[in-house]
Amino acid sequence: MGGVGYEGYAYTSPGNVQEVHLLKGDAYIQVIVGAGAVPGTARHFGDLVVARLP
């Protein structure tokens, strides 16, 4: 997964816990969303966070 100026990966566990790990410059962002969330929720939150980083 990646976008303008960042790279990362997303993972959904067998228990439906979503994780996104992103790197933008010197910033490392990890978003974890508990089971039961709508698919893609962690990825969406990660995109929102990196969009606000310089």
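Because the structure is predicted, anything quoted here is derived from the model rather than measured.
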Exercise. Nearest 0.5 Å, what's the OH-NE2 distance between Tyr11 and His21?
Worked result: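 Here the rounded value is 9.5 Å.
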Exercise. Lys24 side chain to Leu53 main-chain N or O, any donor-acceptor pair under 3.5 Å?
Worked result: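 Yes; judged by distance alone, with no hydrogens or angles, the pair exists.
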Exercise. Can you name the nearest heavy-atom pair linking Ala35 to Gly15, along with the distance?
Worked result: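 Minimum heavy-atom contact is CB-O, 3.2 Å.
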For this session: Determine the minimum heavy-atom distance between Thr41 and Ala37, stating which atoms define it.
Result: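 Scanning both residues completely, I find the closest heavy atoms to be OG1-CB, 4.0 Å.
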Test of understanding: clusters of I, L, V, M, F, W, Y form through side-chain heavy atoms closer than 4.5 Å, transitively. Do [X] and [Y] belong to the same one?
{"X": "Tyr6", "Y": "Leu23", "value": "no"}
{"X": "Val33", "Y": "Val17", "value": "no"}
{"X": "Tyr28", "Y": "Leu22", "value": "no"}

For this session: Please determine which of Ile32, Thr12, Val31, Val38 meets the side-chain contact (heavy atoms from CB on, under 4.5 Å) test together with Gln18.
Result: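 So the option named by the test is Thr12.
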